[in-house]
**Student:** 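A single structure is presented below for examination.
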Amino acid sequence: MKRTLIRNIGILQTPTGSYSHKGSKQGANEKYSNACIAIEDGKIEQITEDGKVPEGSFDETIDAGGKLVTPGLVDGHTHLIFGGYRQHEIAMKLAGADYLDILRAGGGILDTVRKTREASFDELYEKSCAFLDEMLAFGVTTCEAKSGYGLDEENEIKMLKVINALGENHPMDVAATFMGAHAIPPEYEDRGDEYIDMMCEVLMPEVQRQGLAEFCDIFCEDSVFNAEQSRKYLEKARDLGFALKIHADEIEAIGGSQLAGELGAVSAEHLIAIEEDGMDAMAEGGTTAMLLPATSFYLGKTYAPARTMVEKGIPVAIASDFNPGSCPSLNLQFAINLGCLKYKLTPEEVLTAVTINPACACGKGDLTGTLEVGKQADLVIWNAPDFEMVCYRFGSNLAGRVMKKGEIVV
Ligand code: IZC
Ligand code: ZN
């Protein structure tokens, strides 16, 4: 048994509960002044405030220096396993090409598919392990990761095995999502229906048989997969026991958010172009909005209507969308800045959006996402006196020390 004490916490700020927070609950955070956290065997044993110190002896004492402590951040949407990079797309963008133009011309995702197919398991593992180290340094202690750059059996399974190995060997908790329907591979050019049939009949059941993913996701978008194909794929996933996610209304609203609500998807991602009826369907279906503001920034798009979503009772989460095309940054703190400045969410609403709400959308809400007795001691000691400072400063890394399951990892 190992007991650790974190003392001298200026403010301990956290949402509470193991469920997705919506409406007025989105901004409900507890704030304890002059607090301590006692940790036993990686779990929170006690929280005290107003200068009281937990009793008993400790193997390790950490002085938080009067600073802010929050739950470890949860990045609920990443494409962190990929071969190569796509820096050459900068020149194409400067020449006027947009995201879908590049994809339609056989680049974009398909470029990353070529490079990912060429990469070995070990190459992908080493590269993404370094990304996870960088994420930890930014204060992220749990994340989700998608396949979707293999687009055939061998390479999708290779990607998912990398994701699962990372989750086992790296301090980060990693939730695995199968995203075989990320693009139509060249072998199936102009045969999107047949590709979806192959996914449903061959690959998805194989992923389920091998227990390689908890979630299934599809890119429902103009020139990628339409709403009918998305329905077929997600209904099959649901029948196989996967929880559902969907990239919806990123560039065009073609029915993805309605489908998410109707099928009771755990989350719908992006939602930049969402319309009123899509939001109503999501509120009805209890679907979390997984918003990706750094992608809006990088693509020069507008920002998803996060305030309206909170008002309509949709749980809002904010993630990085780290990927080699539309968001080559894994700095979730920048997404926090944009959450306040562009979504007009309050710091408290944003904290919920990067902790408990994405934790629930990754199936880990009972383990992490809040600082409460019984949960994993996943937390950040910030180089900041309060969370407003984290929302206000941008471009610097304000995470000071990062703890995962009771161990200091940064
Ligand atoms: O590689 O472009 N939007 N998928 C959907 C992406 C962005 C990732 C990529
Ligand atoms: Zn994505």
**Student:** Examine the side chains of Asp217 and His182 and answer whether a donor and an acceptor come within less than 3.5 Å of each other.
**Tutor:** no
**Student:** Between His247 and His77, is any pair of side-chain heavy atoms under 4.5 Å apart?
**Tutor:** yes
**Student:** Looking at Arg209 and Glu206, is there a salt bridge between them, counting it only when a charged N and a carboxylate O are closer than 4.0 Å?
**Tutor:** yes
**Student:** Does any donor atom in the side chain of Glu156 or Ser147 lie under 3.5 Å from an acceptor atom in the other side chain?
**Tutor:** yes
**Student:** For the CD1 atom of Ile218 and the CZ atom of Arg231, what is their distance to the nearest 0.5 Å?
**Tutor:** 12.0 Å
**Student:** For Arg104, is there an ion pair with Asp101 - N to carboxylate O distance below 4.0 angstrom?
**Tutor:** yes
**Student:** Check whether any side-chain heavy atom of Ile109 sits under 4.5 Å from a side-chain heavy atom of Phe219, and report yes or no.
**Tutor:** yes
**Student:** Tell me, yes or no, whether the heavy-atom count around Glu45 atom CD, taken from other residues, nucleotides or ligands under 6.0 Å, exceeds 12.
**Tutor:** yes
**Student:** Under 4.0 Å between a side-chain nitrogen and a carboxylate oxygen: does that hold for Lys405 and Asp173?
**Tutor:** yes
**Student:** Hey, can you tell me if Phe297 and Phe334 have their rings parallel, tilted or perpendicular (30° and 60° cut-offs)?
**Tutor:** perpendicular
**Student:** Under 30°, 30 to 60°, or over 60°: which ring-plane class applies to Tyr85 and Phe82, parallel, tilted or perpendicular?
**Tutor:** perpendicular
**Student:** Check for a donor-acceptor pair, side chain of Asp378 on one end and backbone N or O of Gly369 on the other, with a separation under 3.5 Å.
**Tutor:** no
**Student:** With a 4.0 Å cut-off, would you call Arg3 and Asp59 a salt bridge?
**Tutor:** no
**Student:** Given side chains that start at C-beta, do those of Ile9 and Lys67 come closer than 4.5 Å, heavy atoms only?
**Tutor:** no
**Student:** Does some side-chain heavy atom of Thr352 sit less than 4.5 Å from a side-chain heavy atom of Asn29?
**Tutor:** yes
**Student:** Classify the side-chain pair Glu144/Thr177 by whether it contains a donor and acceptor separated by less than 3.5 Å.
**Tutor:** yes
**Student:** Would Lys2 and Glu407 pass as an ion pair if we require N to O under 4.0 Å?
**Tutor:** yes
**Student:** Taking C-beta and beyond as the side chain, do Lys232 and Asp197 meet within less than 4.5 Å on heavy atoms?
**Tutor:** yes
**Student:** Is atom NZ of Lys161 surrounded by more than 12 heavy atoms (other residues, nucleotides or ligands) closer than 6.0 Å?
**Tutor:** no
**Student:** Just so I know, are the side chains of His21 and Tyr19 near enough to count as touching, which here means a heavy-atom distance under 4.5 Å?
**Tutor:** yes
**Student:** Under 4.0 Å between a side-chain nitrogen and a carboxylate oxygen: does that hold for Asp152 and Lys158?
**Tutor:** no
